[in-house]
Every structure is written in structure tokens, then in C-alpha cells.
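Reckoned from all heavy atoms, side chains included, excluding hydrogens, waters and symmetry mates. Quick caveat, the model's predicted, so the values are computed rather than measured. One-based numbering, in listed order, for ligands and for the atoms of each.
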Amino acid sequence: MAELFRICNLTKTFAGKDVLKNINLRIYRGEIFALIGPSGTGKTTFLRILNLFEKPTNGIFEFDGKPVNGTPLEKNRIRQRSSLLFQTPAVFNLSVFDNVAYGLKVRGFDKSTVEKKVKEALGIVGLSGMETQKARTLSGGEAQRMAFARAIVYGPEVLLLDEPTANLDPYNVAKIEELIRHIRDKCGTTIVIATHNLPQVKRIADRVGVLLEGKLIEVNSVGGIFTSPGDARSAAFLKGEMVY
Ligand SMILES: Nc1ncnc2c1ncn2[C@@H]1O[C@H](COP(=O)(O)OP(=O)(O)OP(=O)(O)O)[C@@H](O)[C@H]1O
Ligand SMILES: [Mg+2]
């Protein structure tokens, strides 16, 4: 499988505190990679580094075979190709249509293409017909699906998801999981998802990384991690025995 992210000896330090410690990881094109671990362990920080919102303190970070050097041009090259979805969707005080169209407009797509793509994305997330509704009046589940549409509307190769279903009811959780699988199967999108929902990991992930206090203590297939975890601390975390 082709490598999309290659991370070697990556560390991130905030004000003298090591939040990510010596991370080594490859993420392959088209896989769904789940990042799990206790709260405060560095999952969000790691996703923010992958999306270039944060700069690693040390280490090598390559995207699609080239080192990421942090120049504005380089940042653009990657941001054009990836999308980060947060736990609480960012909702602009605009219509549903304009919220989803935003990323296309800033990328300079013409009006008819914007219309076509927004319609298509809203169809995928099950919000067809809600184009003119003010986004602030959507329910939490609808707002997250709208944010998902906004994230996928320009066809990113990478979708970074930070606890995308944490606040949702079972219907919307199932819907978002279906969307994640759909977008990967249909478009070959590479997905990295941070989640506390272990049954969700079982349902959607191909591989899993366990972060503990900033260290990636295990990377395993989803089958492997739930049947025979390679690290006693992963096993304890998965069984809910870890005290934190
Ligand atoms: N900008 C920052 N400045 C200082 N410390 C930070 C900053 N961002 C994150 N941290 C710290 O880094 C650590 C890891 O935070 P992070 O948000 O990555 O954890 P997480 O695994 O996503 O947790 P959760 O599961 O609760 O979302 C925390 O101790 C947090 O306080
Ligand atoms: Mg987090």
C-alpha cells in the first residue's frame, strides 16, 4: 500500500511539556486509521500537526513522499488536499448552502460547479432540501453532517476526524460512520479518526494506534488489537481498566 504520511521521531512540546514523544508512524493511502487513548494523551495535537495547524517540535514529517517544510506554499499544497473535522462543528452564521460552499468559493470554483458539488455533498450526508435553512438552526446531528459535507465537498484525499460523533445520538453516529466508510470506499479517501468510542473503532477502522501519555505504544490491525493486543497497557485501556 502506498504511504501517505510518514512520521519519524516526531515530538511536540508545549511550554516545556512533552505532549507527543518520539512518534513513528506510517499512514497508508485509503486506510481508516483510528487513534485511541485516554483524554489528554495528544490525539488532537497529533491531528492538528497532520493538518499543519501545529508544527512539530522535532522529527520528520513527510506527506505523499515529500518532507513537509512549513513554507506557506507547502502548507497550501497539503491543506488543499486535506480536511479536519472537529468534535463540535464550526458553523458560520449563513445558510446551509453557503456553509458547505465556503471551501469551494475560497478555492475559486465557478458558480455552477459550486452549486453542483454542494448539492451532491448535501445529498451524501442526507441534508438535501435544507439548502436555505440557517445553519445555526440545525440540530447537533444535522450540524455535524453539514460540517461533514463541508469537509468532503472539494474532494480531499485526507479526512482528519477529531471525535466526530462524540455528541451525537445513535442515529447520527451510525450515519456519520456510514459516511466515513462511503467516502473511503467511493473516493479512496485516507481517514484518520481520533475517538473514544471503541465499538466504533471495531466497526470502521482498519488499523489502530494507541496513544498513552504522548507515546504511541502500539499500532495494530483492528482485529489484532481487540483479540491479542501487543502491549499490556493497550489491553488495560481496551478493557476499561486503565485509571486516568
Ligand atoms: N496550545 C497548547 N498549549 C499548551 N498545552 C497544550 C496545547 N494544546 C494542547 N496542549 C496540552 O497537550 C496535551 C494533549 O492535548 P490533546 O488535546 O492533544 O489531548 P487529546 O488526546 O486530544 O485529549 P481528549 O481525548 O480529551 O480530546 C494536554 O495536556 C493539553 O493540555
Ligand atoms: Mg482531543
**Request:** Please determine if Arg150 forms a cation-pi arrangement with Phe92, meaning its NZ or CZ atom is less than 6.0 Å from the six-membered ring centre and no more than 45° off the ring axis.
**Result:** yes

**Item:** In the protein, N/O/S atoms that are found under 2.8 Å from the Mg ion (ligand 2), waters not counted
**Value:** Thr44 OG1

**Asked** Does the side chain of Leu20 come within less than 4.5 Å of Phe46's, by heavy atoms?
**Response** yes

**Item:** Transitive ILVMFWY side-chain link Leu160 to Val153, under 4.5 Å
**Value:** no

**Asked** Does Ser221 use its side chain to pair, donor to acceptor, with the backbone of Gly224 at less than 3.5 Å?
**Response** yes

**side chain to side chain donor-acceptor pair (under 3.5 Å) pairs, two or more places apart, involving residues 121-132** = none

**Complete:** In short, side chain to side chain donor-acceptor pair (under 3.5 Å) pairs touching residues 81-94 with sequence neighbours left out are Asn51-Ser82, Asp64-Arg81, Arg81-Glu157, Ser83-Tyr154

Show me a pair-per-line table, with atom names and distances to 0.1 Å, of protein N or O atoms that are under 3.5 Å from an N or O of ligand 1.
{"from": "ligand 1", "atom 1": "18 (O)", "to": "Thr44", "atom 2": "N", "distance (Å)": "3.4"}
{"from": "ligand 1", "atom 1": "18 (O)", "to": "Thr45", "atom 2": "N", "distance (Å)": "2.9"}
{"from": "ligand 1", "atom 1": "18 (O)", "to": "Thr45", "atom 2": "OG1", "distance (Å)": "2.6"}
{"from": "ligand 1", "atom 1": "19 (O)", "to": "Gly42", "atom 2": "N", "distance (Å)": "3.3"}
{"from": "ligand 1", "atom 1": "21 (O)", "to": "Thr41", "atom 2": "N", "distance (Å)": "3.1"}
{"from": "ligand 1", "atom 1": "21 (O)", "to": "Gly42", "atom 2": "N", "distance (Å)": "3.0"}
{"from": "ligand 1", "atom 1": "21 (O)", "to": "Lys43", "atom 2": "N", "distance (Å)": "2.9"}
{"from": "ligand 1", "atom 1": "21 (O)", "to": "Lys43", "atom 2": "NZ", "distance (Å)": "2.9"}
{"from": "ligand 1", "atom 1": "22 (O)", "to": "Thr44", "atom 2": "N", "distance (Å)": "2.9"}
{"from": "ligand 1", "atom 1": "22 (O)", "to": "Thr44", "atom 2": "OG1", "distance (Å)": "2.8"}
{"from": "ligand 1", "atom 1": "23 (O)", "to": "Gly40", "atom 2": "N", "distance (Å)": "2.7"}
{"from": "ligand 1", "atom 1": "25 (O)", "to": "Lys43", "atom 2": "NZ", "distance (Å)": "2.8"}
{"from": "ligand 1", "atom 1": "25 (O)", "to": "His196", "atom 2": "NE2", "distance (Å)": "2.8"}
{"from": "ligand 1", "atom 1": "26 (O)", "to": "Ser39", "atom 2": "OG", "distance (Å)": "2.4"}
{"from": "ligand 1", "atom 1": "27 (O)", "to": "Glu163", "atom 2": "OE2", "distance (Å)": "3.2"}
{"from": "ligand 1", "atom 1": "29 (O)", "to": "Lys17", "atom 2": "NZ", "distance (Å)": "2.6"}

**Message:** Measuring only between side-chain heavy atoms, which start at C-beta, is Ile36 closer than 4.5 Å to Leu211?
**Reply:** no

**Request:** Side-chain contact test, heavy atoms from C-beta onward, threshold under 4.5 Å: evaluate it for Leu238 versus Ile225 and give yes or no.
**Result:** yes

**Donor-acceptor pair, side chain of Glu142 and main chain of Ser139, under 3.5 angstrom** = yes

